[in-house]
Amino acid sequence: MATTRVRFCPSPTGAPHVGMVRTALFNWAYARHTGGVFVFRVEDTDAARDSEESYLQLLDAMRWLGLDWDEGVEVGGPHAPYRQSQRMDLYDDAVLRLLRAGHVYESFSTPEEVEARHVAAGRPPKLGYDGFDRDLTAAQRAAYRAEGRRPVLRVRMPDEDVAFDDLVRGPVVFKAGSAPDFAITRGDGSPLYTLTNPLDDALMGITHVLRGEDLLSSTPRQIVLYRALIDLGIAAGTPRFGHLPYVMGEGNKKLSKRDPQSNLFHHRDRGFLPEGLVNYLALLGWAIAPDRDVFTAQELVEAFDVRDVNVNPARFDLKKAEAINAAHMRRLAPEDMARRVVPYLHASGLVAETDFDALPVRWQQVLVAAAPLVSQRMTLLGEAPGMLGFFFAPDDAVPIEPAALAQLGPDARSVLEASLAALTVLGDAAGPGGAEAGWTASGIHDVLNAALVEGLGLKPRNAFTPLRVAVTGRRVSPPLFESMALLGRDASIRRVERLVVLPELG
RNA sequence: GCCCCCAUCGUCUAGUGGCCUAGGACACCGCCCUUUCACGGCGGCGGCACCGGUUCGAAUCCGGUUGGGGGUACCA
C-alpha cells in the first residue's frame, strides 16, 4: 500500500487562526497515525495579501504546537521549493501543456461583460461565467488581443455530474452545470489558487486532502482539473478528499479573523499550554472515546482517523478549552511547570529574567517548590503572576488587595499579634532534635493552630485569614502554611509585623 | 436564483435499528472534603428541530418541511 501523503498548505495572511490550526492538527495526526508523510507547503501566490511576518508566525505556531513536518518549508524535501511564490516556472509549464492539450481556453470576457450578458438574457446577474469564450476562433482571439485584452485561462467543465466520496461526509454529488468554467490564471498570466493548489498536490504526490468545509464546493472543479493533469501525465491519480467541519465563533458564524479568540497567539499569550490547545482543538469534530476528553498528542495520534471526524460545525468554547488546559496544567511535573511560568512572570515585571535557567537559584527553588501548590489552582499560565507574585515582592512592598483588607474583622490585629508570638518561638528549620519546633508547613500549622484555634478559640477561617492577607496580600492564595514555609521565617514574620502596624487595619 | 453541506442537553460530543426511560465532558446549581481558592467526590438541571414513511422495533434508514452554514471571484 502506498504511503499516505497529506499536507497543510496555508496562505500567509494574518495571524494564525485556530480553525486553520485545527486543520493542520488533523492532517498531522492523520499522517502520524498512518505512518505517512506530512508536507507543509505555503501558498503565497497573492502578493497583495501575503506577508513575511505572517509566514514567520505560521512557523512559530506549528513549532509551538509540536506539529512537526517531514517535507516542506525550512526543512526542504524531494519536491522543493515548498513556497508557491518560488514555483512559478512549474506553473507556467503546466499552464502551457494544459492549453496545448485543449483542457483550458483563453477567456477575454470581463466580469462586467459576463454580467451584462446575463441581464440582457433575462437571467440573474450573479450566475457566474457563461462560457462565452469557449469556442473562440483564432481570429477572434487575435482581435481581442489587438484591443489590448489579456485573457485568463479557464478550465472546461464537463456537462455531467461530478461525484466523489468524501472521507468525512460520504458520497457527494454535484449536478452537471452547477460550476462554471473557472479561471486558473490572472490576465497577467500569474497562476491562481485554483491551479496551484491541485497542481502542487499532484506534483507532491498528495494522497489525502483534508481541509476546511469551505472548500467543499470547489472540489468538483479540482477533480476536473485533476483529470486533465492525469491526462497529461502530471498527476498519478486523484487524491481522496475529506472536508473538516467549521470552527464557529459566537452566534452561528465562522470564527472571524477579527475575533481575538480566533488568534492562536492570543491564547498562547493568556497562558494556554500547547498540550491543552492541541487537546481542545482535537475535540472540535472528533472524540477519542465516549467518556474521555483529556488526552495527549501521542494518544491523539494513536487513535485518530479522519473517518471518525464529525460532520457538524463546532463552536469554539473558551470555557471548555480552559478546563481542558487546566487538566493538562495539573499533569505538569513541578519543574516543567516552573519553567513554563517564567515568561509570564517576566511579562508581569516580577522577574527580570525571561528564562528559568537565568533565574537566581533561590528563585528557581521557590518556583519548583511552589509549582505543586498552584498547579491545581490555575487554568492558564497567565495566572501565575497573580498566584506567585508575593514570593517575589519585597516584604515591605507586597501589594495588599483592598478587598482582602476590608474583609478582616476587628480582631485581626490581636490575631496577628498572637500569631507573631507563636511564630517567633519557632526555629529556622526543623532541627534534628526538635522537629516540632521547625519552620516547616506542619510545624507552622501546629504552632498557629495551638495558639489561635485552641488558645483563642477562633474558627480556623477567622484565625488564618489575617495571616493569609499579611503574607500574600490576597484573599485567595496558595496554601498558607506551605507558602510561609517556602517564604522563610524572617520574611514571613516581617510581613506579619508589617500588617500589624498598618493603620488601615481594623 | 442555482449548487453543496449540516441538524442529539446552553456548548463540545457518544450513539451507525433493539444494549437508549439517550452516555460523557464543559458550564450552571446543591452537598461533602477543607486554613482561602482550588483539586477531588456525590447529586441535580438539561437534548434526539418538525412531519410523514420503512420496520415487530428508529436518535439511528428513506422522503419532505423548517432552520442554519458555505459556494457561485482574474481571493485562498
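Just so we're clear, the structure is a prediction, and the values are computed from it rather than from any experiment. Naming: A, B, ... by sequence-line order, numbering from 1 per chain.
Within 4.0 Å of A:Gly177, counting heavy atoms only, lies no atom of the nucleic acid at all. Looking at heavy-atom distances under 4.0 Å, A:Arg169 makes contact with sugar-phosphate atoms alone, never a base. At a threshold of 4.0 angstrom between heavy atoms, the contacts of A:Leu448 with the nucleic acid are absent. Among the atoms of the strands shown, none is found under 4.0 Å from any heavy atom of A:Ser218. Heavy atoms of A:Val294 sit nowhere under 4.0 angstrom from any nucleic acid atom. Within 4.0 Å (heavy atoms only), A:Val173 reaches sugar-phosphate atoms of the nucleic acid but no base atom. Across all strands, A:Asp188 comes closer than 4.0 Å to no nucleic acid atom at all (heavy-atom distances). No contact: A:Arg149 has no heavy atom under 4.0 Å from any strand. Residue A:Tyr280 is classed as having no contact, given no heavy-atom separation below 4.0 Å to the nucleic acid. Heavy atoms of A:Val152 sit under 4.0 angstrom from at least one base atom. Contact annotation for A:Glu383: no contact, since no heavy-atom pair falls under 4.0 Å across all strands. In this structure, A:Ile324 reaches neither bases nor backbone, as no heavy-atom distance under 4.0 Å exists between it and the strands shown. Nucleic acid contact class of A:Ser477 (heavy atoms, under 4.0 Å, all strands): base. Within the 4.0 angstrom heavy-atom criterion, base atoms lie near A:Pro479.
Using a 4.0 Å cut-off between charged nitrogen and carboxylate oxygen, A:Arg141 and A:Glu147 do not count as a salt-bridge pair. Electrostatic pairing of A:Glu299 and A:Arg292 counts as a salt bridge here, judged by a charged N lying under 4.0 Å from a carboxylate O. We find that A:Lys126 and A:Glu115 are joined by a salt bridge, their nearest charged nitrogen and carboxylate oxygen being less than 4.0 Å apart. Taking the charged nitrogens against the carboxylate oxygens, A:Glu43 and A:Arg83 have no contact shorter than 4.0 Å, which rules out a salt bridge. A salt bridge between A:Arg154 and A:Asp133 is absent, with no side-chain N of the basic residue lying under 4.0 Å from a carboxylate O of the acidic one. A salt bridge links A:Arg307 with A:Asp305: the distance from a Lys NZ or Arg NE/NH1/NH2 to an Asp or Glu carboxylate oxygen falls below 4.0 Å.
For B:G71 and B:A76, the C1' atoms lie 13 Å apart once the distance is rounded to whole Å. The gap from the C1' atom of B:G46 to that of B:G30 amounts to 16 Å, rounded to the nearest Å. Using P as the reference atom, B:U34 and B:G47 are 36 Å apart when rounded to the nearest Å. For the C1' atoms, the distance linking B:C28 with B:U72 amounts to 43 Å, nearest Å. Rounded to a whole angstrom, the distance from the C1' atom of B:C75 to that of B:C37 is 50 Å. Remark: the separation of the C1' atoms in B:G15 and B:G23 is 8 Å, to the nearest Å.
Mapping A:Lys320 and A:Met387 onto RNA chain B by nearest heavy atom places A:Lys320 closer to the 5' end of the strand. Position along RNA chain B of the nearest nucleotide to A:Phe316 versus A:Arg377 favours A:Phe316 as the more 5'-ward residue.
Syn is the glycosidic conformation of B:C39, whose angle stays within 90° of 0.
Between the side chain of A:Arg468 and the base of B:U35 there is at least one donor-acceptor pair of N/O atoms closer than 3.5 Å.
Within the shown strands, nothing qualifies as a pairing partner of B:C20 under the Watson-Crick or G-U definition with both distances less than 3.5 Å.
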